[in-house]
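For clarity, every value in this text was computed on a predicted model and none was experimentally measured. Indexing begins at 1, ligand by ligand and atom by atom, following the structure's order. Computed over heavy atoms, backbone and side chain alike; hydrogens, waters and symmetry mates excluded.
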Amino acid sequence: MSDKLIKSLENKRVVPLVQSDDPKTALKISEALLEGGLDVLEVVLRTDAALDCLEAIAKEFPNAHVGAGTVLSADQSQEVIRRGASFIVSPGLDAASVKVAKDANIPILPGIATATELQQAWNMGLRTVKLFPASLVGGPKILKALSSVFRDVRFMPTGGVNPANLNEYLNVPAVLACGGSWLTPKDSIESGDFGAITQLAKDAIVIAQS
Ligand code: 3PG
């Protein structure tokens, strides 16, 4: 994983999900998050326009870390790299996607939910993974159990993380950062209240630093 990305993750400790079906809106969401102080963004491939959103954000904000999330295959991995993703996140572990990312020298955080999946990721040479869906597979408790065995692995729990439990996750020493969609609520986006997103980003940073 690139040192610069690790540093930003260590520093901000929160990775917001950006989901939109319109690149212009995606840019506004990203701008709001950056204004709030978050500079690692995960653009999720969950709409038909997601790749266009990713490309637009990566072009507009070259100093941010703009990654692609919900990447399911090697083909998608190749495509998001072509569109400018500087890292890849996937819900599960896929060897072909890991190979594409490694060949391109792009960090990849595959999702793991069990010790077996983590061991497979570890044997692929990965030392940073996503725990997904974090709240359903054991939350901070499973992170403590896994990190006592896989001592050199760092985690990005995602799925069910929110302002109320963020600290509990971040207090686990092996947790690098938490990902989540709570920073980009659909209703704020639909009503054009991007100031609310900036405020959520600022609040998350305060929680992460407390
Ligand atoms: C992900 O893709 O990482 C999750 O869907 C995010 O989960 P959340 O919506 O509970 O934050």
Please name all residues satisfying salt bridge (Lys or Arg N to Asp or Glu O under 4.0 Å) with K99, sequence neighbours left out, ordered by chain then number.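 Counting only residues at least two positions away or on another chain, K99 forms a salt bridge (Lys or Arg N to Asp or Glu O under 4.0 Å) with D103.
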
Between E10 and K7, is the closest basic N to carboxylate O distance under 4.0 Å?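 Salt bridge absent between K7 and E10.
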
Less than 4.0 angstrom from a charged side-chain N to a carboxylate O is my criterion; do K28 and E35 meet it?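 No.
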
Candidates V14, N162, L170 - the one meeting side-chain contact (heavy atoms from CB on, under 4.5 Å) with C178: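 Looking at V14, N162, L170, the match for C178 under the side-chain contact (heavy atoms from CB on, under 4.5 Å) is L170.
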
Among T70, D75, L45, I106, find the one that has a side-chain contact (heavy atoms from CB on, under 4.5 Å) with V80.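 The passing option is L45.
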
Pocket residues of ligand 1, ordered first by chain and then by residue number (heavy-atom cut-off under 4.0 Å):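 Those residues closer than 4.0 Å to ligand 1 by some heavy atom are L17, R46, K130, F132, T158, G159, G160, G180, S181.
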
Compute whether any side-chain donor of one residue and acceptor of the other, for H65 and S8, lie under 3.5 angstrom apart.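 Side-chain D/A pair, H65 to S8: present.
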
